[in-house]
Structures are given as structure tokens and as C-alpha cells.
Amino acid sequence: MSAVTWTLQSKDGEARSGWLDTPHGRIATPAFMPVGTRAAVKAVDSHDLSGVGAEIVLANTYHLMLRPGSSRIAALGGLHQFMAWDGPILTDSGGFQIFSLEPVIEESGARFRSVYDGSTVELTPEGAVRIQEELAPDIAMALDVCVGLPAPADLVEAELERTLRWAERCLRAHTKSDQALFGIVQGGVDPDLRAKSAAQTAALGFPGFGIGGLSVGEGREERRLALEASFAELPEGKPRYVMGLGDTDGLLEAIARGADMFDCVLPTRLARHGKVLTRGGDFSLRNAESESDDRPIDENCVCHTCRTHSRGYLRHLVRVKELSAHRLLTIHNLKYTLDLVGAARQAIESGTFSDFVRGVAA
RNA sequence: GUGGCCGUAGCUCAGCCCGGUUAGAGCACCUGGUUGUGGUCCAGGAAGUCGCGGGUUCGAAUCCCGUCGGUCACC
């Protein structure tokens, strides 16, 4: 029995709602995971995260192995105690960060330069697992090789195969019984390669699967086909996590195809740049139109920010770069995204998911 | 009162000595971008009677005269 299991609750078309059971409790899916790269979701704390209804958060192996180091976090009681978050935590393996650092990829592992001090760092599949066992999240991710798109098919296939070999090594290295290790599907935007990667990753027996290498600038149709090809080869009874996806259309499209989990920096990053998300469309509080607007960001939003502050005030905070602007907009954008996914779940359960999608698009 | 320096975009200034496309920069402002995070960054846009008046010249932010305002020094 895996430390993490997923149970289907209802289906509406290919869209599915379910429960993810972890050592730190049960959460509803589809689920959005706020990104707390360095054991902190930027600008907010764990109390704020509870307040917006987050159930699971993400942290990052790559950043935490460099600072403060996984052994230090282990000595401080593991990630949950370290960041004062009692709910489930997932750590990304660092594959995506490494990919953006122009690494040297060899069969043994990846070599790259630390963004903190420029020193050369090596991360192997076994190392990524060991570090994540020390960090002690509920879910660890296998170390994968993420290829930048567009890329030639033979390169995509070669790295997909390397990712499979690394996945096996991660599984062999993983020993922590109260932690799940998820595999990662690659294959670019080629449906055949996606299917191949998904089928072979599934065959390795992971308790859950990340869909990696997407949300990197590919077209909407390309992504849809890549997701469909991936999901077709993954077992029905295990969770599917689309990595790095978090815009409104992308989330709904992926949920419609059968995705269960997501993470994305978009809501939190946009918040720090003054942009807010609403059902009626996104807009920037930097824009002059909010100057003397006494309405909240979203009349229908029940987040702390919308219950308390006007657009005019928030625009002022953004313009003068008050630190509270980061926190207040982050709270709103996370609430928006979590509510969107939550509403999608309800729609699936009531069999009205496609109507719901049309309503959001309108 | 005398002498020096200064006045160019909302702000801080460059250009003036040696006249020559459409007067520039940074910041601010306006708009767009950001997807398994370095609180950024990138791209575009709008914006100036060159204090004012006169003169010289084919041509003046630039040279000359006057004038207004600011500032410093001396009396």
C-alpha cells in the first residue's frame, strides 16, 4: 500500500473528482497547489494559506538542497515542522529548475551552477530521492529531464528514455514508507512520444504521475493532444498531476481531459506584479482605471483582500511598492485559483462540468 | 548695488564652448507580456512655446543684446 492513494468520487465525461489520501490528511481533487519553492509561498505564511483554502503546497528540492540544505531541514523536523504546515506537501525534484540553468546532462545525473553562489552542483536521480526523503514531504517527484520546446523529435525521445531510466533508479533508491514517489511523463508535444512515455512510466508502478514538460509556451491544441495521449496510457485509479499549469483556460481544459492536480507560479507571480485574476477577466492594478475605484477586486470574492480593501487602495499599494501589496494580491489570486478548481470539482460532482466551463468562458 | 553660476519632458539632468536630420537619457507616467518562481525583467507608448522678447544667420537650445526668475559671493 502506497503512502498516498487516490480514490475516484465521480466522473463527468473525462473530468474526475476524487480524494487524495496522504500521511498528512485527505484532500479533494482536482487540487491546485500553491508554489512554495523555498519552503515559503512568497509573500504569505501558512496561516494565510489556510485562510484561502489551500489544502496542499509545493516546495522545491533544488532550492532547498542549496539553502538551507536538506540535512538542516531534517534536523529541524522536516518540511512540515520547518514551514509550520500540517497539510500535505509535495516537493518537485528540481528537474525543471535544472533545465533552466543550461545544465550538462549525463547518464549519471545533471551538473549545473548554483544560482546562490555559482558553484557547480551535481544532482543524480538517487541524490534527488535521498534529499526528498530528508525533506520529508508526503509526495516526492522523480528526477526528470525537461526538454525546451520546440525541440527535434529525436532529442525529445532520447531525453524521454533517459527520464525513464532515471525513474527506475529513483524507485530503487526510494525507501521512505510514509512518502509517495511520483513518476514524470515527458515527450514534448508529440502524442506518440507522450503515449510511449506514459505507458512505460505507468509500467514502473508509481502511485501517481506528473505530466512534465508542458506549459512552456506550446499552443493550446498541442497541449490538449499531449495531455490526452498521456492520460490514455495512465491507470484510471492513480492521480495525474499537470506540472506548471495554472491559467484559467489551461486548468479547465486539463481538468476536462482528466487531470487531478496542478501547481503554478502564475497566480502568485502575477500578484507580485500587480495583476489580479477574476472570473470577469484579468486586469492590472497598475492601470489607471483603478485609480479611484472603490470596489473590491471581485464583488463575488470572499477573500480577505476583497472583503477589506478597494481597488483604489490596492493600486496605491502597488504603485508605491508597499510590501503588503504582495501579500494582499497573492491572497486574492490564490483564492481565485483555488475557488476555480473547487467550483470545477463541484460541477463534476453534479454532472454540469461542461456548462460550468462555458459559464467561465463567457 | 556689483560680479559669478543656473533656467531644456512631471522630476533630475545631457546637448551649448565649436550653429546644421525629426532636441535626448534616467526616473516617473500609460499599455502589453510573464505557467514544476530569484519580489524581477522585457517590449512598446505618450510627454518639451529649449524662461521670455528682440537681433545676427540660408539655418539658433547653441552666438549677440535686453529682460524675468532662482542661487551664491562680495559690498
Side-chain angles (χ1 to χ4, degrees), chain A residues 32-44 56-64 66-67 89-101 113-118 128 132 137 139-149 163 182-186 208-220 223 227 240-254 259 261-277 281-291 315 317-330 333-334 337:
Chain A
F32 178 79
M33 304 182 278
V35 179
T37 303
R38 299 190 278 196
V41 176
K42 293 183 191 299
V44 297
I56 173 172
V57 300
L58 182 143
N60 188 276
T61 300
Y62 164 75
H63 287 280
L64 294 174
L66 298 175
R67 282 189 188 171
I89 298 175
L90 179 149
T91 51
D92 185 21
S93 61
F96 186 78
Q97 283 65 45
I98 293 168
F99 138 76
S100 64
L101 294 173
R113 290 192 168 280
S114 162
V115 291
Y116 294 97
D117 60 10
Q132 291 181 90
I139 301 170
M141 299 302 294
L143 185 66
D144 62 329
V145 184
C146 192
V147 180
L149 299 177
T163 296
F182 281 16
I184 300 180
V185 175
Q186 286 288 342
F209 301 90
I211 310 298
L214 294 177
S215 307
V216 289
E218 75 281 0
R220 182 174 171 169
R223 181 164 65 212
L227 286 177
R240 306 156 176 177
Y241 156 34
V242 181
M243 309 179 79
L245 181 65
D247 66 286
T248 298
D249 292 344
L251 287 171
L252 296 180
E253 179 81 50
M261 301 164 67
F262 308 92
D263 79 285
C264 191
V265 304
L266 202 62
T268 45
R269 174 181 293 164
L270 290 181
R272 295 193 304 281
H273 298 172
K275 197 163 182 180
V276 291
L277 312 173
D282 311 344
F283 65 94
S284 174
L285 281 170
R286 291 184 308 185
N287 292 2
E289 62 185 3
S290 296
E291 207 162 36
R315 167 178 154 85
L317 296 181
V318 168
R319 277 159 48 98
V320 298
K321 302 187 193 319
E322 274 298 330
L323 298 179
S324 59
H326 292 314
R327 172 170 174 261
L328 292 169
L329 299 197
T330 296
N333 281 355
L334 283 178
T337 306

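Residue numbering restarts at 1 for every chain, and letters A, B, ... go by the order of the sequence lines. In this text, all values refer to a predicted model and were calculated from it rather than measured experimentally.
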*Quick one: does A:R67's side chain have a donor or acceptor within less than 3.5 Å of a partner on A:H63's backbone?*
no
*For the pair A:R327 (side chain) and A:A43 (backbone), establish whether a donor and an acceptor sit closer than 3.5 Å, ignoring hydrogens and angles.*
no
With [atom1] as the reference atom in both, quote the distance from [N] to [M] in angstrom, rounded to an integer.
N	M	atom1	value
B:A14	B:A23	C1'	11 Å
B:C5	B:C27	C1'	26 Å
B:U62	B:U49	P	16 Å
B:C11	B:G53	C1'	28 Å
B:G4	B:G45	C1'	42 Å
B:C50	B:U8	P	11 Å
B:C16	B:C63	P	9 Å
B:U40	B:A61	C1'	39 Å

So what does [X] hit on the nucleic acid, given a heavy-atom distance under 4.0 Å: a base, only sugar-phosphate, or nothing?
X	answer
A:R319	sugar-phosphate
A:R220	nothing
A:D263	sugar-phosphate
A:E291	nothing
A:I184	base
A:G250	nothing

*Nucleotide of B:C30, B:G38, B:U34 approaching A:L270 most closely (side-chain heavy atoms)*: B:U34
*Between B:G36, B:G38, B:U35, which nucleotide has the shortest distance from any of its atoms to the side chain of A:V265?*
B:G36
Could you tell me how far apart [X] ([atom1]) and [N] ([atom2]) are, to the nearest whole angstrom?
X	N	atom1	atom2	value
A:R223	B:U35	CZ	C1'	8 Å
A:L266	B:G33	CG	P	11 Å
A:R315	B:A28	CZ	P	14 Å
A:E289	B:C29	CD	P	16 Å
A:R38	B:G36	CZ	P	14 Å
A:F262	B:G36	CZ	C1'	13 Å
A:E218	B:G36	CD	C1'	13 Å
A:L90	B:G36	CG	P	14 Å

*Just do the side chain to side chain donor-acceptor pair (under 3.5 Å) check on A:T163 and A:Q186 with the steps written out, would you?*
CA-CA 8 Å; A:T163 296; A:Q186 286 288 342; 5.4 Å; no
_So, taking the atom named CG in A:N60 and the one named CG in A:D92, what distance separates them when rounded to the nearest 0.5 Å?_
5.5 Å
*Find the distance between CD1 (A:I89) and CD (A:Q132) and round it off to the nearest 0.5 Å.*
12.0 Å
*asked:* Quick one, A:V276 with A:N333, criterion side chain to side chain contact (heavy atoms under 4.5 Å, CB included). Give me CA distance, side-chain angles, the key distance, then yes/no.
replied: CA-CA 6 Å; A:V276 291; A:N333 281 355; 3.9 Å; yes
*Taking for each residue the nucleotide of RNA chain B bearing the nearest heavy atom, is the 5' side occupied by A:E322 or by A:S284?*
A:S284
*Can you tell me which stems involve RNA chain B, if a stem is defined as three or more consecutive Watson-Crick or G-U wobble pairs, both distances under 3.5 Å?*
B:1-7 with B:68-74, B:10-13 with B:24-27, B:29-33 with B:41-45, B:51-55 with B:63-67
_I need the minimum non-hydrogen distance between A:A39 and A:A59, along with the two atoms involved._
N-CB, 4.4 Å
*Step by step, work out the side chain to side chain contact (heavy atoms under 4.5 Å, CB included) result for A:L277 and A:L266.*
CA-CA 10 Å; A:L277 312 173; A:L266 202 62; over 6 Å; no
*Run the side chain to side chain contact (heavy atoms under 4.5 Å, CB included) check on A:M33 and A:M261 step by step: do they pass?*
CA-CA 7 Å; A:M33 304 182 278; A:M261 301 164 67; 3.9 Å; yes
*Would you say the side chain of A:N60 and the base of B:G36 hold a donor-acceptor pair, judged only by whether the two atoms sit under 3.5 Å apart?*
no
*So does A:N287 reach the base of B:U31 with its side chain, donor to acceptor, closer than 3.5 Å?*
no
*Which of these passes side chain to side chain contact (heavy atoms under 4.5 Å, CB included) with A:M243: A:L214, A:I184, A:I211?*
A:I184
*What residue among A:L251, A:D263, A:L227 forms side chain to side chain contact (heavy atoms under 4.5 Å, CB included) with A:V242?*
A:L227
*Counting just side-chain N and O atoms, does A:K275 come under 4.0 Å of either OP1 or OP2 of B:G33?*
yes
Check nucleotides 40-45 of chain B for protein N or O atoms closer than 3.5 Å to its own N or O atoms and list the pairs.
residue: B:U40; atom: O4; partner: A:H273; partner atom: ND1; Å: 3.2

*Test side chain to side chain contact (heavy atoms under 4.5 Å, CB included) applied to A:Y241 and A:L90, step by step*: CA-CA 11 Å; A:Y241 156 34; A:L90 179 149; 3.9 Å; yes
